[in-house]
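Here the structure comes first, spelled out in structure tokens, and everything after it is commentary.
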Amino acid sequence: MRNVCDDFPVLQREVSGRPLIYLDSGATSQKPKQVIEAVARFYRETNANVHRGLYQLAVEATELYEEARGRVAAFIGAHPEETIFTRGTTEALNLLAYSLGEIRVGPGDEILVTVMEHHANLVPWQVLSQRKGAILRAVGITSEGELDLEDFRRKLTSRTRIVAVTHVSNVLGTVNPIPEIAEMAHGVGAVVVVDAAQSVPHMEVKVRELGCDFLAFSGHKMLGPMGIGVLWGRREHLEEMPPFLTGGEMIREVWIDRATWNDLPYKFEAGTPPVAQAVGLGAAVDYLQGLGMEEVRRHEERLVAEALEGLLARDYVEVYGPRDPGKRGGVLAFNLRGVHPHDVATLLDQEGIAIRAGHHCAQPLHRLLGVPASCRVSFYVYNTREEIEAFLSALDRVWEALGK
Ligand code: C6P
């Protein structure tokens, strides 16, 4: 892939007197100037509220907002009416747990998640289960860090109403076999919700190929602005579901004691939407398509292979998740024997290398791995092999200083 670093202003700055090496794109990606400029241009030239004004400026703002929706929908092979803008993955999953939960889940019904879920795809289902008297079950993982499909088969029953699973784990990096999971889940009449926060930014994702019913992801992890995300859902489900937030824009007619709902997708977009952020996300999609998602995936696979090989070669490092780079997304979690991950991150930061340390909002998974926290590096289009080499030799210095 062409070197894109020059497109990313923040990557030109120094940290601790060194050029920044940003290895935390799993938390949020950096933004290219094309996205920053699209957001700035919206505020400079077209700022107005959408779907309300009859004047030229508001018409143009509405066109930009809906054009962005069209681009994002095409990116995942979806219809714009089934593509709802939210504040992010977390809001999309909360919307589902509330609204889908309202019509699909009753006392004694079962909801199936996995132990590798981010809290955003776990806690909303816990709250729903408690509210409805439903049973929440979690599928385990194999010793390789892959989803245990035998366990999945065992826990999937005729009472399973919703299967909520991450496409790519934000800790293990594991890519889960969604088409297979969806087929099994549909076999018992369950609806399949996919958390695609760590997949849509990094590989080609087409909703029909996945075979799922719902897909959630965040703009800020795919070169777009913070505060914008997407919930895609099959029309037949979305039409049946009650709204999540209510108020302006999501209604058709309102009386003092009742109201009727707007068409899709507006039924789920109450209030003033994040218009500039949507426009920025549209620009991010253009940028990614310009690079080609297959090329994005190939680039990351090469980086992951290099980093994985380097980490596995160091006997003081414990790596979590699959050993095969082809089975992983762009994140790699690890620990240095006997060293606290926060200390590792702090020393690397002193060399200008930004990594994440903590439980990465996946406490049940860390409990299963037997550690309270881990270090995590995550890659994106702007990372290079030289940065991986710099990271690996910096890690040796951390071990020299803290490990022995
Ligand atoms: N994971 C990470 O460093 P939001 O915050 O709504 O944009 O995304 C939540 C979320 C949901 N699912 C997965 C798999 C995720 O990785 C995330 C965000 C970040 O891993 C921040 S904790």
Counting only pairs under 3.5 Å, give me each side-chain donor-acceptor contact of residues 183-199, with atom names and distances, residues two or more places apart or in other chains.
{"from": "H186", "atom 1": "ND1", "to": "A182", "atom 2": "O", "distance (Å)": "3.3"}
{"from": "H186", "atom 1": "NE2", "to": "D213", "atom 2": "OD2", "distance (Å)": "2.7"}
{"from": "D195", "atom 1": "OD1", "to": "A197", "atom 2": "N", "distance (Å)": "3.0"}
{"from": "Q198", "atom 1": "NE2", "to": "G26", "atom 2": "O", "distance (Å)": "3.0"}
{"from": "S199", "atom 1": "OG", "to": "H167", "atom 2": "ND1", "distance (Å)": "2.8"}
{"from": "S199", "atom 1": "OG", "to": "A196", "atom 2": "O", "distance (Å)": "3.4"}

Parallel, tilted or perpendicular: ring planes of Y287 versus F8, cut at 30 and 60 degrees: perpendicular
Shortest non-hydrogen separation from L215 to V207 and the atoms involved: CD2-CG1, 3.7 Å
Non-hydrogen atoms of V254 and A259 that approach each other most closely: CG2-CB, 4.0 Å
Less than 3.5 Å apart, any donor N or O on the side chain of [X] or [Y] sitting next to an acceptor on the other?
X	Y	result
Y382	S29	no
E117	T114	yes
Q277	H220	no
S374	H366	yes

E249 and E269, any side-chain heavy atoms less than 4.5 Å apart: no
Close side-chain approach of E387 and T384, heavy atoms under 4.5 Å: yes
Within the 6.0 Å centroid threshold, strictly below: H202 and Y380: yes
Spatial distance of atom CZ (F42) from atom CD (E60) [nearest 0.5 Å]: 10.5 Å
Between CD on residue E351 and CZ on residue R397, distance to nearest 0.5 Å: 4.0 Å
With sequence neighbours excluded, residues passing side chain to side chain contact (heavy atoms under 4.5 Å, CB included) with L238: E82, I84, F214, M241, L264, F268
Qualifying residues under ring-ring contact (aromatic ring centres under 6.0 Å, His included), relative to H79, sequence neighbours excluded: none
